[in-house]
Protein chains: 2
Amino acid sequence: MAVKERMDYIKKQLHSQSYKLTPQREATVEVLLENEEDHLSAEDVYLLVKDKAPEIGLATVYRTLELLNELEIVDKINFGDGVSRYDLRKEGANHSHHHLVCIQCGDVSEIEEDLLGEVEVKVEREWQFKIKDHRLTFHGVCSKCQRDKDSTNEEVGRQTVDQL
Amino acid sequence: MAVKERMDYIKKQLHSQSYKLTPQREATVEVLLENEEDHLSAEDVYLLVKDKAPEIGLATVYRTLELLNELEIVDKINFGDGVSRYDLRKEGANHSHHHLVCIQCGDVSEIEEDLLGEVEVKVEREWQFKIKDHRLTFHGVCSKCQRDKDSTNEEVGRQTVDQL
DNA sequence: TATGAAAACGATAATGATTATCGTTTAGTA
DNA sequence: TACTAAACGATAATCATTATCGTTTTCATA
Ligand SMILES: [Mn+2]
Ligand SMILES: [Mn+2]
Ligand SMILES: [Zn+2]
Ligand SMILES: [Zn+2]
């Protein structure tokens, strides 16, 4: 779906709760839509949105992100560095997607497919817990870093192809 | 396993990296062992540990928790309120356990069983990502709050069961 | 046992992300 | 046009965490 159409949908979501899509909010959403792969902090968003709306204040960015989070348009996530990051939900998704965090290069990538279907059935049944959402993050070594490590090893000399 | 024995094991882990188990560190670990179900913030730990070692400083608590985290004795977790929480790993566990967070009463409970075995096989294969650890948290309504809501509904009278 | 270096510590200042405050602007309505 | 509430921008306040620094403890060695 085009950015324009998703913006319209978000506009409807705001209006349905009698919030306005002000120019500042629109510019902020635009930044999120145009950087969907990234995981921007409030400060990141602020710097990017200043190009579109130079007069915007940091407080407004925080307020807007908080609002979008309440409306479940974005998820507020935390990867353990000291800042919150704001992650647009995938089109049509009604819950947070999964993440892969590389402990070597720091790269964060996404898994859009929901892998928790069966697990959630089990949790609801065996723990009597009604699940509304989830957060799943894997920490490990991304494919790129695995390859880099292999090359390094080859340069050094003979070696086993893989160790677990 | 008794607190004493787990303390000894942690002592060995520290020594194996040539760290000392100072009285302050021992008191801090004791607090963690005696409150294993809880998810204490640094400040929480500080207040509890003061009973055992009244002269301890907050900075030392932070340093100790950081050290225990590096040694993978505790996991530093974040539930979205503004503080980090320190969660002792279960005996013999080599990764973080799962959590259930109730969006109504705020209660946090634990799932000790690892539910991600098959999911991780799939992720490693299909995303070429070497998993070292994971974080899985479910947000929803705990069994207690489900019961409470049922009672409330009955008192109020007839009504639609759910309006998402 | 005395000594010297490194590791830890306690107190507290500094940092930095987030939130609160407050006066001003904007949008919608009578 | 005038009124009211929602939003905004600037900036002060808050508060968790980290950095600094002088002191204490540990421990290997003379
Ligand atoms: Mn994401
Ligand atoms: Mn836990
Ligand atoms: Zn990587
Ligand atoms: Zn509950």
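Values reported hereafter were calculated over all heavy atoms of this structure, with side chains retained and with hydrogens, waters and symmetry mates removed. These figures come from a predicted structure and were not determined experimentally. Residue numbers begin at 1 in each chain, while the letters A, B, ... track the order of the sequences.
Side-chain polar atoms of B:Thr60 and B:Arg63 form a donor-acceptor pair below 3.5 angstrom.
Going from atom CG of A:Asn69 over to atom P of C:dT18 covers 12 Å, rounded to whole Å. Straight-line distance from the CD atom of A:Glu26 to the P atom of D:dC8: 12 Å, rounded to whole Å. One atom, NZ of B:Lys20, and another, P of D:dT25, lie 12 Å apart when rounded to the nearest Å. Put simply, CD on A:Gln17 is 14 Å from P on D:dA6, counting in whole angstrom units. With rounding to whole Å, B:Arg25 atom CZ is found 11 Å from C:dG10 atom P. Distance, A:Leu21 CG to D:dA6 C1': 14 Å, rounded to whole Å. As rounded to whole Å, 10 Å separates atom P of C:dA7 from atom OH of B:Tyr19. A straight line from CG of A:Leu67 to C1' of D:dC8 spans 14 Å, rounded to a whole angstrom.
Using a 4.0 Å cut-off between charged side-chain N and carboxylate O, B:Glu66 and B:Lys76 make a salt bridge.
At the phosphate of D:dG9, OP1 or OP2 sits under 4.0 Å from a side-chain N or O atom of A:Gln24. Between B:Thr22 and D:dT25 there is no side-chain polar atom (N or O) within less than 4.0 angstrom of OP1 or OP2.
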Query raised in the report: Which letter, B, S or -, goes with each nucleotide of nucleotides 10-18 of chain D from 5' to 3', with contact meaning a protein heavy atom under 4.0 Å?
Result: BB----SBB
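Residue A:His97 is tested with A:Asp114, A:Asp87, A:Asp75 for a side-chain hydrogen bond (donor to acceptor under 3.5 Å, both in side chains); the sole match is A:Asp87.
Side-chain N or O atoms of B:Asn78 include none that pairs as donor or acceptor with a backbone N or O of B:Ser84 at under 3.5 Å.
Across B:Cys102 and B:Cys142, no two heavy atoms sit closer than the pair SG-N, 3.4 Å.
Looking at heavy atoms from C-beta onward, A:Gln13 lies out of side-chain contact with A:Gln17 at the 4.5 angstrom threshold.
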